[in-house]
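Shown next, in C-alpha cells, is the structure this report addresses.
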2 protein chains.
Amino acid sequence: MPQPPRRATILEVAHEAGVSKTSVSRYYSGERERLSETMRERIVSAAERLGYQPNPMARGLKGGPSGLVGMLVADIRNPFSVAIMHGVEQACRQAGLSLMVCNSDNDPNQEKAQLALLSSYRIEGLVVNAAGRHSEALHSLAQSGTPLVLLDRTLSDVNADQVGLDNAAAVDMALDHLVERGYGRVLFITEPPSLASSRQARLERFQARCAALKLPANTLITEVTTPRHIEQALKEFHRTRGPRPAILCANGQITQAVIRSVKVLGLAVGEIGVLGIDELDWCDLTDPGITTLAQPTDAIGKAAIDCLRQRQTGSGDPPRSHLFLPRLIARGSTQPPLLA
Amino acid sequence: MPQPPRRATILEVAHEAGVSKTSVSRYYSGERERLSETMRERIVSAAERLGYQPNPMARGLKGGPSGLVGMLVADIRNPFSVAIMHGVEQACRQAGLSLMVCNSDNDPNQEKAQLALLSSYRIEGLVVNAAGRHSEALHSLAQSGTPLVLLDRTLSDVNADQVGLDNAAAVDMALDHLVERGYGRVLFITEPPSLASSRQARLERFQARCAALKLPANTLITEVTTPRHIEQALKEFHRTRGPRPAILCANGQITQAVIRSVKVLGLAVGEIGVLGIDELDWCDLTDPGITTLAQPTDAIGKAAIDCLRQRQTGSGDPPRSHLFLPRLIARGSTQPPLLA
DNA sequence: TTGTATGCGTTATCAA
DNA sequence: TTGATAACGCATACAA
C-alpha cells in the first residue's frame, strides 16, 4: 500500500533550498521583489523539486487574502442561474480569483448551511443569486466586512451592491413589442413575487405600464410545479372575447411551463402571443420560435465581480445598483396579425 | 464605521462558559457523550450567545475530517452535467457532506488550477465529470489517498471508481428502438471521442452493433460549434437513396445541434428519425417531440457519493464500476412509417 | 470527566 | 536583504 505522500510544506522547501521559511513565504506572498536573485532561484528550484504548493488552509488561518469568491445559487437547474454563473466564472478567471459555488436547491436550511460554509472559508466576496429571505445570515456576513453582491434582488438595510436586469425597462420593451405586433391584451404570468425580488418589480411595472397604455391586463401568480393553474388560466384567457391576446412570461421557467400548457391545450402560438423574459437554449427550436428578452448574462456576471473588487479596496462607498438592458429577440411567437 | 466583529473563537466560548477549550472542542468533535450534562449546557448557551461556529480552516489544518466533497465539472452549461450535479448534491445533503463545485469550462489550465484548489482544501473525495486528459493531477490526487469517482469516463492505471451510463446497453436500446420503428439506416453523430471517454464506448458499440444487425451505418464526428458540418452531413444522408433514415445523437448537445440543423434544412423530423441520448428540458416541446434515452441522473449522483463513502472506510478494494441503464422516452421523432 | 500543552502550515513582527 | 519567533483556531496525546 503506497502510503499517502504528504504534500510538501513551506518548511521542507526552505530546508531543501537552504534558506529560512520566511523567505519562502515571502516568495509566495507577492514579495518576490524584495528577494535577491540567488534566493529566488534556489526557492523556485526547490519548490519545483518537491512539488510545493502553499496550503490555503494555513493561509486562511493567518487571515491573509484567500483569492476565493463564493457564489450562492438558489436553483442550479435554472438555466438563467447557470448562465450568470458562467459569466461570474469568466470574470473570476480574468481577475485571478477562484470561484466556489454552492447550490441551496431552494431549501432555506441548506442555504443557511452553505452560507456558513462559504463564510467560514474566508471568501473575499459573495455573489448571491437566491430568492430566500435569509436576511440575518446575509446581514451578519455583510457586517463582517465581506463584500456582497445581490443578483436579481434588493435587500434593504444591508450594505450590498446590486446587479441585474433593468426590470422596468424590460417590461416596457416587452409591452411595446406586443403592442407593435398588434396584441391588444396581455396576461402576465409569474411565480409568487417574494419580498424585494425582481419578480415584484416586474409585476408592479407590468400593472403600472398597462394602466398607462390603457392595455387590458391580467395577472396569474402560480408555481411552475402546478401546470393545472396555468392551463386553466390560459383556457379562460383564450376563451374571453376581446382584442388579440398575448402572454408575458416573467422568467424562463414560466416560459417553459406556458409553452407546455399551450401545447396541451392545442392553442396556436403566435395567434396567441408569447413573450418570455430570459433566453433559453431551445427558443429557436419550437415551431414557431419563442420571442424573448435575453439578459446579458456575461456582462452581469462581470459586473458582479467588478463590484466585489471595488469593495475590497474602497469600501466606504454607498451601495450601488448596476442595471442592464435586455435584448429583444423577435421570433414567431409574436407575429403580426394575418391579413385575412 | 462598524468595525468587523471577528467571529468568536473556541477560546472565547470556553472563557464565556468558564470551561477549558478542550471541552468545547470535544463538544464539536462528536464527543458530546463524554461530557457531563452541566458542561454541555454551559457550552451550548455560551456558543449560542457568541454565535460561535467552528473554523474549518483551523480544523483542516489539524488534519481532521473536513466534511467536504469536491466536484469538478467540465462544462456547467451542459444540462446533463447540471443534472448529475443535482444528484450528487442531494446525496451529499443526505450524507451530511458539503459540496464544493468547480467548473473548468473545458479549459485544461483552469482544470488543473481547480484541481489544485480542491485538493488543497482537504476534500474527502472528488467527483470528476471532465473529459480532459489531466491524468497526472488526478493520479497524484488519487495516490494522496483522496477517493476518486469518475463520471462518464474511465482512466486506466488509477485507483478510482467509475459511475455512469451503461453505454453499450444504451446504444443497443437505441438501435433496437429505431429498427422496431421501421428505420433502416442510421447516422451516428458525436463529438470527438477523447481517450477513454464514454463517447468512445458509444461510438464503438454503435459500429459493432450495426454490423451485427447488418444495419447500414454512417458516422459523423463533429464539434457542436460548427453546425455547417452537421447540416452538410444531414443533407447528404437525407439525399442518399436507401431505407428509412434515422439520426442517433451521442448526447444532449448533439441533439440540440441536430434539431437546429434539421430545422434549417427544412427536413421533417419523424420522417427522418431522431433519437438522442440524454433527456433535455424541451424534448417534449418541439413538434414532434424528441425521443430520448434518459439517464437516471439522481441515481448516478447518489452512486458517486456512495462510492466515496465506501472508499473512506475500506480503501483496499479494487476500483469498481457502477453502470446504469437509461430509460427510453418514445416521442414523435421516431414514429412508425405512415401507411400510404 | 476535565484540563494542559503541543503542533498543524502559514504569515507578520521584529531584530539582525 | 534575511532570519528567528510568535501568533492564527483548533484537535489531541497526555496528565490530573
Side-chain angles (χ1 to χ4, degrees), chain A residues 4-43 46-47 50-68 116-117 119-122 124 144-145, chain B residues 4-44 46-47 50-68 116-117 119-122 124 144:
Chain A
R6 284 181 318 92
R7 300 179 41 153
T9 77
I10 202 174
L11 192 62
E12 292 168 329
V13 174
H15 212 82
E16 173 86 9
V19 301
S20 85
K21 60 176 186 169
T22 306
S23 299
V24 180
S25 172
R26 285 206 177 95
Y27 182 85
Y28 284 99
S29 304
E31 299 188 51
R32 308 191 185 182
E33 331 289 326
R34 290 179 42 184
L35 297 177
S36 69
E37 189 60 32
T38 14
M39 177 72 56
R40 280 186 241 173
E41 284 173 8
R42 304 183 70 165
I43 294 179
L50 273 56
Y52 171 71
Q53 263 187 308
N55 179 336
M57 295 273 182
R59 266 190 171 158
L61 198 52
K62 249 329 223 184
S66 63
L68 240 192
L117 181 72
S119 86
S120 66
Y121 276 106
R122 275 207 140 78
E124 293 180 23
S144 81
Chain B
R6 284 181 317 93
R7 298 177 43 153
T9 77
I10 202 173
L11 192 62
E12 292 168 328
V13 175
H15 212 83
E16 173 86 8
V19 301
S20 86
K21 60 177 188 168
T22 305
S23 300
V24 181
S25 172
R26 286 208 177 94
Y27 183 85
Y28 284 98
S29 304
E31 298 189 52
R32 307 190 186 182
E33 329 292 324
R34 291 179 40 183
L35 298 177
S36 69
E37 189 61 33
T38 16
M39 179 70 58
R40 281 186 239 173
E41 284 172 10
R42 303 183 71 164
I43 294 180
V44 208
L50 273 55
Y52 171 72
Q53 263 186 307
N55 180 337
M57 296 272 181
R59 264 191 171 158
L61 199 52
K62 248 324 217 184
S66 63
L68 238 192
L117 181 73
S119 85
S120 65
Y121 276 105
R122 273 207 141 76
E124 292 180 23
S144 82

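So you know, we letter chains A, B, ... as the sequences are listed, proteins then strands, and number each from 1.
Taking 4.5 Å as the limit, every side-chain heavy atom of A/V19 sits out of range of all side-chain heavy atoms of A/Y27. The closest side-chain heavy-atom distance from A/P54 to A/R59 is below 4.5 Å. When side chains are defined from C-beta on, B/S119 counts as touching A/R7, because their heavy atoms get closer than 4.5 Å. With a 4.5 Å cut-off on side-chain heavy atoms, B/N55 and A/R122 count as touching.
Rounded to an integer number of Å, the gap from CG of A/L61 to P of C/dA12 is 12 Å. The distance between atom CD1 of A/I10 and atom P of C/dG9, rounded to the nearest whole Å, is 11 Å. Across the protein-nucleic acid pair, B/N55 atom CG and C/dG9 atom P stand 16 Å apart, rounded to whole Å. Summarising the geometry, the separation between CZ on B/R32 and P on C/dT1 is reported as 16 Å, rounded to the nearest angstrom. Distance, A/M39 CE to D/dT1 C1': 8 Å, rounded to whole Å. What separates NE2 of B/H15 from P of D/dG9 is a distance of 15 Å, to the nearest Å. Rounded to an integer number of Å, the gap from A/R42 CZ to D/dT2 C1' is 13 Å. B/K21 places its NZ atom 11 Å from the C1' atom of D/dC8, with the value rounded to the nearest Å.
Comparing D/dT2, C/dT2, C/dT10 by their closest approach to the side chain of A/S36 singles out D/dT2. Ranking C/dT11, C/dT2, D/dA4 by closeness to the A/S29 side chain, first place goes to C/dT11.
Between the side chain of A/S20 and the main chain of A/T22, a donor-acceptor pair closer than 3.5 Å is present. A donor-acceptor contact shorter than 3.5 Å is absent between the side chain of A/E41 and the backbone of A/T38.
When each of B/A58 and B/R26 is assigned the nucleotide of DNA chain D bearing its nearest heavy atom, the one mapping closer to the 5' terminus is B/A58. Comparing B/Y52 and A/V19 by the nucleotide of DNA chain D that holds the closest heavy atom to each, the one mapping nearer the 5' end is A/V19.
Here A/S25 lies in heavy-atom contact (under 4.0 Å) with a base. Looking at heavy-atom distances under 4.0 Å, A/M57 makes no contact with the nucleic acid at all. In this structure, B/Y27 reaches neither bases nor backbone, as no heavy-atom distance under 4.0 Å exists between it and the strands shown. Residue-level contact check: B/R34 touches the bases, meaning some heavy atom is under 4.0 Å from a base atom. In this structure, A/P54 reaches the sugar-phosphate backbone alone: every heavy-atom distance under 4.0 Å involves primed, P, OP1 or OP2 atoms, never a base.
Residue A/T9 places no side-chain N or O under 4.0 Å from the OP1 or OP2 atom of C/dC8.
A donor N or O paired with an acceptor N or O is found under 3.5 Å between the base of C/dT4 and the side-chain atoms of B/T22. Contact of B/K62 with D/dG9 (side chain to base): no donor-acceptor pair of N or O atoms is detected under 3.5 Å. For a distance-only test at 3.5 Å, the side chain of A/R7 fails to qualify as a donor-acceptor partner of the base of C/dG9.
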